J.: 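Can you read through this structure? Questions will come right after.
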Amino acid sequence: VRPARGGPIPAAGSVLAGTGDGAEWLHRHAVAGRTLAVSARISAGREPLSGPVDVINGGPRLLQGGSARITAFAEGFHWPESPEFFYRFGVRRNPRTLAGVRRDGDLVLVAIDGRRPGVSVGASFEESAGVLRALGASDGVNLDGGGSTGMTVGSALVSTPSDSTGERPLGDALVITPR
């Protein structure tokens with residue numbers, strides 16, 4: 001149990017993380033040394049999904065049915081103990097990584113550079129919803145942002161990371177490969 005995010009995953013271990021109500025529940029029940037039984041059900045709306053399923057973490061939702069529908073507060077992307085967090089994260093312009101789906105089912109992936117005067121200032125959640133809509137998406141979500149935003153096509157970096165040191169070393173990525 002860690003008081004702060006990050007750190008190595010123990011050998012033969014795993015990570016169970018929560019935000020909002022989920023974090024509160026974990027804090028009360030996930031006591032070091034106690035066995036915790038976990039079950040999961042993955043669904044799309046009310047329909048359970050079966051067979052091989054890939055899941056990616058992200059949030060908040062930005063676009064639904066072709067209209068901006070930003071669900072940051074409902075998804076726990078506000079911290080009552082730190083009221084300025086939502087302003088810094090969602091209202092202020094930042095680099096963004098976005099995913100959207102067009103009505104025909106095509107996937108739209110977007111990397112918006114930011115914090116680089118002369119290159120890009122980034123986008124707010126509202127502006128990000130507008131970018132997805134302009135690209136034809138009917139539904140969309142913020143995946144990540146800040147210094148974690150980067151896009152590579154083949155072996156070429158096609159975005160300009162916001163960190164002064166360049167690409168940030170990360171343990172996760174969305175990888176699209178040919179069938």
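Bear in mind that the values here come from a model prediction, so they are computed numbers and not experimental data.
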J.: How long is the gap from OG1 on Thr97 to CG on Leu109, to the nearest 0.5 Å?
T.: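 Output value for this atom pair is 9.5 Å.
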
J.: Taking all atoms of both residues into account, what is the closest heavy-atom pair of Phe125 and Phe89, and its distance?
T.: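 The pair with the smallest heavy-atom distance is CZ-CE2, 3.4 Å.
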
J.: Check whether any side-chain heavy atom of Arg96 sits under 4.5 Å from a side-chain heavy atom of Asn94, and report yes or no.
T.: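 Arg96 reaches Asn94 side chain to side chain.
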
J.: Is it the case that one hydrophobic cluster holds both Val131 and Val121, taking links as side-chain heavy atoms less than 4.5 Å apart, direct or via other members?
T.: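 No, Val131 and Val121 fall in different hydrophobic clusters.
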
J.: Given side chain to side chain contact (heavy atoms under 4.5 Å, CB included), test Val110 with Val108 step by step and report yes or no.
T.: CA-CA 7 Å; Val110 179; Val108 176; 3.9 Å; yes

J.: Which atom pair, heavy atoms only, marks the closest approach of Thr149 to Ala111?
T.: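 Nearest pair, atom of Thr149 first, then Ala111: CG2-CB, 4.0 Å.
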
J.: Which value, rounded to the nearest 0.5 Å, describes the distance between Leu135 atom CG and Leu63 atom CG?
T.: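 Spacing of CG (Leu135) from CG (Leu63) equals 10.5 Å.
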
J.: Does any non-hydrogen side-chain atom of Ile70 lie less than 4.5 Å from one of Glu126?
T.: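 The answer is yes, as the side chains (C-beta and beyond) meet within the 4.5 Å cut-off.
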
J.: Between CG of Leu107 and CD1 of Ile176, what distance do you get to the nearest 0.5 Å?
T.: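 The CG atom of Leu107 sits 6.0 Å away from the CD1 atom of Ile176.
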
J.: Could I get the full list of side-chain hydrogen bond (donor to acceptor under 3.5 Å, both in side chains) partners for Arg168, not counting sequence neighbours?
T.: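 Testing Arg168 for side-chain hydrogen bond (donor to acceptor under 3.5 Å, both in side chains), a comparison that skips the adjacent residues, returns Asp163.
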
J.: Just how far is it from atom OG1 of Thr160 to atom CD1 of Ile112, taken to the nearest 0.5 Å?
T.: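 Here the rounded value is 13.5 Å.
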
J.: To check you understand the geometry: which heavy-atom pair defines the closest contact between Ser159 and Pro161, and what is its length?
T.: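 Closest approach of Ser159 to Pro161: O-CD, 3.4 Å.
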
J.: Closer than 4.0 angstrom, basic N to acidic O: yes or no for Glu127 and Arg93?
T.: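 Result for this pair is yes, salt bridge flagged.
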
J.: Is it true that a side-chain atom of His29 and a backbone atom of Trp25 form a donor plus acceptor pair closer than 3.5 Å?
T.: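 Yes, because the side chain of His29 sits within donor-acceptor range (under 3.5 Å) of the backbone of Trp25.
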
J.: Side chains of Glu84 and Ser82: do they bring a donor and an acceptor to under 3.5 Å?
T.: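 Distance-only check passes for Glu84 and Ser82.
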
J.: I'd like to know whether Ser124 forms a side chain to side chain contact (heavy atoms under 4.5 Å, CB included) with Val91, so could you lay out the CA-CA distance, the side-chain angles of the two residues, the decisive distance to 0.1 Å, and finally the verdict.
T.: CA-CA 5 Å; Ser124 67; Val91 176; 5.7 Å; no

J.: Working to the nearest 0.5 Å, report the span between CZ of Arg92 and CZ of Phe86.
T.: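 Going from CZ on Arg92 over to CZ on Phe86, the span is 13.0 Å.
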
J.: Is the closest side-chain heavy-atom distance between Arg115 and Pro95 below 4.5 Å?
T.: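 They are in contact (side-chain heavy atoms under 4.5 Å apart), so the answer is yes.
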
J.: Treating Ser120 as the side-chain partner and Asp113 as the backbone partner, does any N or O pair qualify as donor plus acceptor under 3.5 Å?
T.: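 Yes; at least one donor-acceptor contact below 3.5 Å.
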
J.: Determine the minimum heavy-atom distance between Ala99 and Leu143, stating which atoms define it.
T.: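 Taking Ala99 first and Leu143 second, the nearest heavy atoms are CB-CD1, 3.8 Å.
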
J.: Do Leu157 and Leu174 share a hydrophobic cluster (ILVMFWY, side-chain heavy atoms under 4.5 Å, transitive)?
T.: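 In one cluster with Leu157: Leu174, no.
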
J.: Looking at every non-hydrogen atom in both residues, tell me the closest pair between Ser162 and Gly114 and how far apart they are.
T.: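 Closest pair (atom of Ser162, atom of Gly114, distance): CB-O, 3.2 Å.
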
J.: Answer yes or no: does atom CZ of Phe85 have more than 12 heavy-atom neighbours from other residues, nucleotides or ligands under 6.0 Å?
T.: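 Check passes, neighbour count above 12.
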
J.: Do the non-hydrogen side-chain atoms of Glu167 and Thr152 ever get within less than 4.5 Å of each other?
T.: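 In short, these two side chains touch, coming nearer than 4.5 Å.
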
J.: Locate the shortest heavy-atom distance separating Leu62 from Leu98; write the atom from each residue and the value.
T.: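 Heavy-atom minimum between the residues: CD1-CD2, 3.7 Å.
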
J.: Could you state whether Met151 and Val119 fall into the same hydrophobic cluster, counting links through intermediate Ile, Leu, Val, Met, Phe, Trp or Tyr residues with side-chain heavy atoms under 4.5 angstrom apart?
T.: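 Met151 does not cluster with Val119.
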
